[in-house]
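Below you'll find the structure, written out as structure tokens, and then a few comments.
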2 protein chains.
Amino acid sequence: MTAVPARSAATAPVKRAAAQPAKSDRARLSAADWERAALDLIAEQGLAAVAVEPLARRLSVTKGSFYWHFPSREALLKAALERWEKLDQETVFDQIEAIADARERLQQLFVRTSRELRSHVIYSQLLKAMDHDLVQPVIERVSTRRINYLLTGYRALGMSRRDALNRARLAYAAYVGILQLMLQQKTMRLNAEEYQVYVQHVADTLIPG
Amino acid sequence: MTAVPARSAATAPVKRAAAQPAKSDRARLSAADWERAALDLIAEQGLAAVAVEPLARRLSVTKGSFYWHFPSREALLKAALERWEKLDQETVFDQIEAIADARERLQQLFVRTSRELRSHVIYSQLLKAMDHDLVQPVIERVSTRRINYLLTGYRALGMSRRDALNRARLAYAAYVGILQLMLQQKTMRLNAEEYQVYVQHVADTLIPG
DNA sequence: GCCAGACCATACGCCAGCGTATTGACAACT
DNA sequence: AGTTGTCAATACGCTGGCGTATGGTCTGGC
């Protein structure tokens with residue numbers, strides 16, 4: 001019986017608490033649980049670490065469970081990436097969009113880059129795996145969105161279109177670079193204050209006054 | 001048969017022609033050949049792609065050859081990384097060091113980042129593999145050297161120590177970021193002119209004057 | 001109560017990559 | 001000519017990950 005697992009929420013008789021299923025020693029798993037676990041692994045060890053059997057071990061089950069929820073590893077990755085892209089849009093982006101002042105908004109984009117923010121960590125890891133077929137379009141979309149966001153920010157500050165675009169590129173490259181240099185190992189292990197000062201310097205340098 | 005016999009008069013340890021051993025259909029391989037091929041693969045597909053058997057196929061031999069030259073895959077990586085670090089020091093760094101004017105020198109660091117420059121491509125790939133035990137110390141050293149280089153450059157332009165350090169970090173992050181964004185896929189596929197303009201913008205923005 | 005469906009365990013076949021062992025070929029030196 | 005040293009082919013065993021097949025267990029609903 002190779003029944004295709006019904007992944008839609010419609011058929012699920014068990015509603016399972018809407019919030020996190022708790023630490024759950026004995027709870028059964030859902031597809032969403034696997035997706036979340038996959039994103040955790042991506043954040044910690046990168047995309048390549050998302051292997052079915054290690055993931056299963058991590059969740060204290062066997063892959064018999066996995067292949068009920070997903071037809072393949074690829075399917076899991078696809079779902080996890082979708083989930084991240086949506087989540088990233090909500091948590092990181094929409095929050096910043098709420099800020100009125102363009103100058104302040106630009107600065108916040110840098111301030112919230114500390115390694116505590118999971119979504120940024122995942123972004124950085126995905127950037128490193130951009131050769132992967134599933135990853136490429138996702139971070140393509142996200143990056144473009146963000147650069148365009150910066151672009152309009154700079155335009156709002158009165159820069160010419162050409163300058164604004166290049167400044168947006170520069171700012172975004174600095175963002176990507178500092179992510180990579182800070183998150184991975186110790187080359188640039190700045191503590192909170194040092195980082196604070198650095199960000200201020202970046203804002204002063206990259207935001208025209 | 002083949003014109004230009006590569007085997008000139010050589011003595012005991014067989015130094016083999018100093019230059020490249022040519023495309024060489026039938027020439028034997030040396031350890032250096034494997035190291036160069038490994039670096040090529042790193043540049044093209046990243047560190048993870050450096051596998052023994054694929055490499056052997058690429059060189060049109062079998063791994064029987066490989067394990068004569070190296071005791072393990074790790075040993076090859078180590079040797080290749082050493083070779084790159086040395087080569088990078090010579091080609092990229094020493095050349096720029098020759099430039100007298102601090103302002104011009106800083107700009108050149110950005111100008112020479114186009115994807116044509118192999119050493120930069122390798123650096124970017126290694127940065128993506130910084131979790132690897134052998135890679136981490138290497139790019140640690142290289143990155144530190146470069147940032148310090150920028151630091152002294154900015155100091156020479158009269159910046160305070162704190163500002164110079166932060167500016168160096170910013171500039172280097174921008175360098176790393178633009179590398180990653182340009183080399184990997186198309187998010188930022190700038191053509192030569194666009195890139196030229198961008199670099200000029202970076203220089204104007206990051207170099208005080 | 002008991003059946004269906006959701007979830008998981010076990011066991012298997014497959015493949016790619018690492019490393020080993022053995023033998024072969026061919027050059028240079030004696 | 002024979003010996004030695006250098007480079008390479010072939011064949012093998014091992015591991016870890018993917019995917020399949022099949023059967024087991026728990027749960028809610030009738």
Side-chain angles (χ1 to χ4, degrees), chain A residues 1-17 21 24-35 37-38 41 45-78 80 132-134, chain B residues 1-2 5-17 21 24-35 37-38 41 45-78 80 132-134:
Chain A
M1 297 310 197
T2 45
V4 176
R7 308 213 300 100
S8 74
T11 51
V14 181
K15 207 51 172 299
R16 192 191 298 278
S24 68
D25 304 283
R26 290 295 94 212
R28 322 274 283 222
L29 299 176
S30 69
D33 293 325
W34 286 94
E35 293 167 18
L41 249 182
Q45 299 169 228
L47 187 81
V50 181
V52 175
E53 280 149 321
L55 243 187
R57 280 195 290 271
R58 196 183 167 97
L59 292 172
S60 303
V61 291
T62 65
K63 59 180 175 172
S65 168
F66 175 84
Y67 283 100
W68 191 90
H69 295 286
F70 298 93
S72 70
R73 174 179 178 271
E74 288 266 289
L76 169 66
L77 291 181
K78 189 153 175 265
H132 193 292
D133 290 342
L134 291 176
Chain B
M1 305 292 202
T2 41
R7 55 178 123 88
S8 51
T11 45
V14 183
K15 208 49 176 300
R16 191 192 296 278
S24 69
D25 303 283
R26 287 295 95 212
R28 320 274 281 223
L29 299 176
S30 70
D33 292 326
W34 287 93
E35 295 166 17
L41 250 181
Q45 299 168 232
L47 188 81
V50 181
V52 176
E53 280 149 321
L55 243 186
R57 280 194 291 272
R58 196 183 167 96
L59 291 173
S60 302
V61 292
T62 65
K63 58 182 176 171
S65 168
F66 175 84
Y67 283 100
W68 192 90
H69 296 285
F70 297 93
S72 68
R73 175 178 176 270
E74 288 266 290
L76 168 66
L77 291 181
K78 188 154 175 265
H132 194 290
D133 289 342
L134 292 177

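As the structure is a computational prediction, the values presented were derived from the model and not from experiment. Lettering follows sequence order; numbering is per chain, from 1.
The side-chain contact (heavy atoms from CB on, under 4.5 Å) check on A:Ser72 picks up A:Glu74, A:Ala75, with sequence neighbours excluded. A:Arg57 is linked by a side-chain hydrogen bond (donor to acceptor under 3.5 Å, both in side chains) to nothing, counting only residues two or more places apart in sequence or in another chain. Not a single side-chain contact (heavy atoms from CB on, under 4.5 Å) links B:Ala48 to another residue, sequence neighbours left out. Residues passing the ring pair (Phe, Tyr, Trp, His ring centres under 6.0 Å) test with B:Phe70, sequence neighbours excluded: B:Phe66.
One interatomic measurement links the two molecules: CZ of A:Phe70 to C1' of D:dT20, which rounds to 18 Å at whole-angstrom precision. Note: CZ (B:Arg57) to P (C:dA16) measures 8 Å, nearest angstrom. Taking atom CG on A:Asp33 and atom C1' on C:dC7, their separation rounds to 12 Å, with Å as the unit. The CG atom of A:Leu41 sits 14 Å away from the C1' atom of D:dG17 (whole-angstrom rounding). Atoms CG (A:Leu55) and C1' (D:dC18) sit 13 Å apart, rounded to a whole Å. As rounded to whole Å, 18 Å separates atom C1' of D:dT20 from atom CZ of A:Arg73.
With C:dG19, C:dG17, D:dC18 as the candidates, the nucleotide lying closest to the side chain of B:Ala51 is C:dG17.
Within the structure, the salt bridge (charged side-chain N to carboxylate O under 4.0 Å, His left out) test picks out the following pairs touching residues 58-68 of chain A (sequence neighbours left out): A:Glu44-A:Arg58, A:Glu53-A:Lys63.
Side-chain atoms of B:His132 never come within 3.5 Å of backbone atoms of B:Leu47 as a donor-acceptor pair (strictly under, hydrogens ignored).
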Report all interatomic pairs (protein N or O, nucleotide N or O of nucleotides 8-15 of chain C) with separations under 3.5 Å.
unit_1: C:dC8; atom_1: OP1; unit_2: A:Leu29; atom_2: N; d: 3.0
unit_1: C:dC8; atom_1: OP2; unit_2: A:Ser65; atom_2: OG; d: 2.6
unit_1: C:dA9; atom_1: OP2; unit_2: A:Thr62; atom_2: N; d: 2.3
unit_1: C:dA9; atom_1: OP2; unit_2: A:Thr62; atom_2: OG1; d: 2.8

